[in-house]
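Accompanying notes for the structure given below.
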Amino acid sequence: MVHRSRITTLTEFIIQRQSEYPHAKGALTRLLNDIATAAKIVNREINAAGLVDILGTVGKENVQGETQKKLDVFANEMFITALKGGGECCAIASEENEKVISFSNEFSGLGKYVIAMDPLDGSSNIESNVSIGTIFSIYRRVSDAGGGTQEDLLQPGLNLTAAGYIIYGSSTMLVYTTGKGVNGFTLDPSVGIFCLSHPDMHYPEKETIYSINEGNYIYFPEGVKRYIKYCQEIDKETNRPYTSRYIGSLVADFHRNLIKGGIFMYPGTTVQPNGKLRLLYECSPIAFIAEQAGGKASDGYRRITEIDPETLHQRSPFFVGPKNMVEKVEAFMKEYA
Ligand code: AHM
Ligand code: MG
């Protein structure tokens, strides 16, 4: 419950941070606010979706007889609408769209930023009421004015201006970084405001968790198989055996591991050599956040944020978590390459 005298709202926080940049004109502030607004609408819809499913009588149509859109399509439309209307973003790459969505109207065409996003990550979990998320990356455009281009979006994570995620969980949180630490805000649903609840987030000292879809074990590289066994061995000094936790929803798995101290892994396999997760709007932004929280992210050999994307939807093996844990799995990958 919000008690006005004791809280910092997301908007207040962003404005305070903006004042640290004397030349800033507020564009990033407005962009983050647009994202927060869309997130609140998506959050409302996600909460209602469960209800509709449970009642089960409306089927694919809502009570007004309109066709009910799948939530990931709905989320995509919400974020695109908010960002287009906001005027600060000149192009979007989304998991839901094959090509770049370029805005060249009189407002957005002048926007300095482009956004890569996964509007509803882990959406296959909705029907079982498991946490899902939105992931976003904000880059400064490299093209001149006019509609943003694919070139604006194909930038390595190191060029990120900001990145963040929204987790629709037991509470809804927005976590973001502009490259100066990671801060988390919890939505107070009674007033619809994100409030600073997790300032300056860092991985804890103690390592406790490994997260991986072990059902794919047979297809994993030898280095990953060995690392999993390492996680399961007894060693007091390194707090092993670790606990195994896997939701199957990247944002939720990453968020829990950030708070509790754990590594998330989605390696390449013999059937999917580049793994499943997408570099531009899943791996890069999460990697940027992890590094800001004192952690590390790798494809097993290379730092994720240094990889130059070649295509919008390219996949990458992904290992993210506390530095020591990621370095350990990298060592196993190298040894058993
Ligand atoms: P999606 O973008 O189609 O939702 O897929 C991404 C999700 C991630 O949230 C999660 O980490 C991963 O897929 C889980 O995959 P798997 O079911 O193969 O373990
Ligand atoms: Mg996804």
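Atoms within each ligand, like the ligands themselves, are counted from 1 in listed order.
Seen from the ring of Tyr230, Arg240 counts as a face-on cation partner, given the 6.0 Å and 45° thresholds.
For ligand 1, the atoms lying closer than 4.0 Å to a non-hydrogen atom of Tyr246 are 14 (C), 15 (O), 16 (P), 19 (O). Interface of Glu95 with ligand 1, defined as ligand atoms under 4.0 Å from a residue heavy atom, comprises 1 (P), 2 (O), 3 (O). Residue contact check: Ser123 has heavy atoms under 4.0 Å from atoms 4 (O) of ligand 1. Remark: ligand 1 atoms within the under-4.0 Å shell around heavy atoms of Phe264 are 11 (O). When each atom of ligand 1 is checked for a heavy atom of Glu282 under 4.0 Å away, the hits are 2 (O), 6 (C). In summary, the atoms of ligand 1 found under 4.0 Å from a heavy atom of Asn213, numbered by their order in the structure, are 16 (P), 18 (O), 19 (O).
At a 3.5 angstrom cut-off on N or O pairs, Asn216 does not count as close to ligand 1. Of the polar atoms of Gly122, at least one N or O is found under 3.5 Å from an N or O of ligand 1, judged by distance alone. In terms of polar-atom proximity, defined here as any N/O pair under 3.5 Å, Leu250 does make such a contact with ligand 1.
Not a single heavy atom of Ser124 lies less than 4.0 angstrom from ligand 1.
Partners of Ser143 by side-chain hydrogen bond (donor to acceptor under 3.5 Å, both in side chains), not counting sequence neighbours, listed by chain and number: Arg141, Asp152.
In this structure, CD on Glu327 lies 9.5 Å from OG on Ser298, to the nearest 0.5 angstrom.
Between His255 and Tyr165, the ring planes lie perpendicular to each other; the angle is over 60°, past the 30° to 60° tilted range. Using a 30° and 60° split on the angle between ring planes, Phe220 and Tyr217 fall in the perpendicular class, above 60°.
Heavy atoms of Asp118 found under 4.0 angstrom from ligand 1 belong exclusively to the side chain. With a 4.0 Å cut-off on non-hydrogen atoms, Tyr281 does not touch ligand 1 at all.
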- Task: Would you please test Ser284 and Arg278 for side-chain hydrogen bond (donor to acceptor under 3.5 Å, both in side chains) and show each step?
- Result: CA-CA 8 Å; Ser284 280; Arg278 268 60 54 107; over 6 Å; no
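Crowding of Lys84 atom NZ: a count of heavy atoms from other residues, nucleotides or ligands under 6.0 Å not exceeding 12. Residue Glu205 qualifies as open at atom CD: its count of foreign heavy atoms under 6.0 Å is 12 or below.
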